[in-house]
S.K.: 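Got a structure for you, written out below as structure tokens; questions coming shortly.
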2 protein chains.
Amino acid sequence: MSLREKKVEKKKEEIRESAMSVIAEKGYHATTMEDIAAKLLMTKGSVYYYFKDKESLVYESHKILLEQSMEQLQNVLAEELSSVAKLRKAMIVHMEYVITERTDFLLGAKPDQVFEGAHLQEILHLRNQYSDCMNQLIQQGIQDGSFVQVDIKIVNYIILGAMNNAVIWYSPKGSKSIQELANSIADYLLKILL
Amino acid sequence: MSLREKKVEKKKEEIRESAMSVIAEKGYHATTMEDIAAKLLMTKGSVYYYFKDKESLVYESHKILLEQSMEQLQNVLAEELSSVAKLRKAMIVHMEYVITERTDFLLGAKPDQVFEGAHLQEILHLRNQYSDCMNQLIQQGIQDGSFVQVDIKIVNYIILGAMNNAVIWYSPKGSKSIQELANSIADYLLKILL
DNA sequence: TTAAAATTTGACTTGACATTCAAAGTCTGA
DNA sequence: TCAGACTTTGAATGTCAAGTCAAATTTTAA
């Protein structure tokens, strides 16, 4: 990658970050391209130099976040751990990522209110992939006898719902650190499976 | 209440219902006053005859939903049931209400992206009231020894998060009825406390 | 140094709503 | 039936933000 390409990529990265941050704050529809630009001390015109339109910018940003968390999850999957420890770690990693990246996992729960067509398909695909991985973790635990028999789909939704909800109410001002909080929640949720 | 007042109230009720239904579908910012009116075969001008503006319409609608679910919860609180049965029932009633009314409890998790000032305060107040009631249910169960010791706040958030999340993925096409689903989820969540 | 390429700017266009309102239509009670 | 009150309409207005673009500025590389 040439120097110039690196610079462009860096700029795009900054813009994506700004976009996600403002959107986490104000919501997708309420954030303007000017908000996103202003945060970086640029004008909205510059943003359009790097991104075709608002939807593309948000799509790319969101896609990267999903891919990164997917990668994290895959890493946990690959580790040499007991079923319990693995699921536990997956949950903690998930929460830490979601909270620190302020993604809300994101735009709330309804990608179809933001994306359309191929973009929407891709986002849904990535989400499903993630969900499937979590399913697998639970499945494994049940098969090796670590977890009790449950309706995997429902329990998975419970776990994801509870974890993602944490992003909404977590406040850095609280007495618990993100790590402590993630640990607590993971332990409580594991009780469903033990 | 006079006949006319009744008619007006009925009309307002219809409009509120239409508003909630369209918003559940498309999200707050994406639904226009025309969408809401069109669903009732009126023009948007008429809607303004009944409601000052969009925010007020949505505020009133949302407030009523919150009040109704609060009332339901109070009724459960007042019943003669064991702690376990009571919390279980509260959860089931909650999910059934949220799913059938399609409220998402709603507008997603962030009322501050929709309401302002006094309206926002009132909505937050109602939500807190609801959350406090759930807390109470857990508290009672712990005190009478039915539940194990837990961090009530966190477990409460887990429960509410898991339940509200169900609204998003529940589909009437699935193999489970709302009742079955609510029952399953309630049972799984209770395991955290037993 | 300098000319071409890459970036940035900010004014401009456009379209989509929210909201208003005067006029038209409908109902109600005397 | 009729006057006045109540409703509805749809066109008009205002605002706001997305997206465009030619000109200005900065960077790059020969």
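Just so it is clear, the structure is predicted and the values come from calculations on it, not from any experiment. Here is the naming used below: chain letters follow the sequence lines, and residue numbers restart at 1 for every chain.
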S.K.: Rounding to a whole Å, what distance do you find between B/Tyr28:OH and C/dC17:P?
M.R.: 14 Å

S.K.: State whether A/Phe115 and A/Lys110 meet the cation-pi test: NZ (Lys) or CZ (Arg) under 6.0 Å from the six-membered ring centroid, and within 45° of the perpendicular axis.
M.R.: no

S.K.: For A/Lys26 and D/dC16, what is the distance between atoms NZ and C1' respectively, to the nearest whole Å?
M.R.: 12 Å

S.K.: All N/O contacts under 3.5 Å from nucleotides 7-9 of chain D to the protein, with atom names and distances to one decimal?
M.R.:
from: D/dT7; atom 1: OP1; to: B/Arg4; atom 2: NE; distance (Å): 3.1
from: D/dT7; atom 1: OP2; to: B/Tyr49; atom 2: OH; distance (Å): 2.3
from: D/dT8; atom 1: OP1; to: B/Lys11; atom 2: NZ; distance (Å): 3.1
from: D/dT8; atom 1: OP2; to: B/Tyr50; atom 2: OH; distance (Å): 2.8
from: D/dT9; atom 1: OP2; to: B/Thr43; atom 2: N; distance (Å): 3.2
from: D/dT9; atom 1: OP2; to: B/Thr43; atom 2: OG1; distance (Å): 3.1
from: D/dT9; atom 1: OP2; to: B/Ser46; atom 2: OG; distance (Å): 3.0

S.K.: Please report, rounded to the nearest Å, how far the C1' atom of D/dA18 is from the NZ atom of A/Lys52.
M.R.: 12 Å

S.K.: So that I can tick it off, tell me whether A/Arg16 and A/Glu13 are bridged by a salt bridge, with the cut-off set at under 4.0 angstrom between side-chain N and carboxylate O.
M.R.: yes

S.K.: Thinking salt bridges, do A/Lys86 and A/Glu79 make one under a 4.0 Å N-O criterion?
M.R.: no

S.K.: With a non-hydrogen cut-off below 4.0 angstrom, is A/Thr31 in contact with a base, only sugar-phosphate, or nothing?
M.R.: sugar-phosphate

S.K.: Has A/Lys11 got its NZ or CZ under 6.0 Å from the middle of the six-membered ring of A/Tyr49, at an angle within 45 degrees of the ring axis?
M.R.: no

S.K.: With the side chain of A/Thr32 defined as its heavy atoms from C-beta on, choose the nearest nucleotide among C/dT19, D/dG19, D/dA17.
M.R.: D/dA17

S.K.: Within this structure, what is the CD-to-P distance between B/Glu34 and C/dT19, rounded to whole angstrom?
M.R.: 13 Å

S.K.: Just how far, in rounded Å, is P of C/dT20 from CG of B/Asp53?
M.R.: 8 Å

S.K.: Can you tell me the distance, in whole Å, between the CE atom of A/Met33 and the P atom of D/dC21?
M.R.: 16 Å

S.K.: Rounded off to whole Å, could you give me the CG-to-P distance for the B/Asp35 and C/dA16 pair?
M.R.: 13 Å

S.K.: The criterion is side chain to side chain contact (heavy atoms under 4.5 Å, CB included); which residues satisfy it with A/Ser175, sequence neighbours excluded?
M.R.: none

S.K.: List the atom pairs, donor and acceptor, that lie under 3.5 Å between side-chain atoms in residues 17-25 of chain A and the rest of the protein, sequence neighbours left out.
M.R.:
from: A/Ser18; atom 1: OG; to: A/Ile36; atom 2: O; distance (Å): 2.8
from: A/Ser21; atom 1: OG; to: A/Lys39; atom 2: NZ; distance (Å): 2.5
from: A/Glu25; atom 1: OE1; to: A/Arg102; atom 2: NH2; distance (Å): 3.0

S.K.: Nearest-Å distance, NZ (B/Lys54) to P (C/dA16)?
M.R.: 15 Å

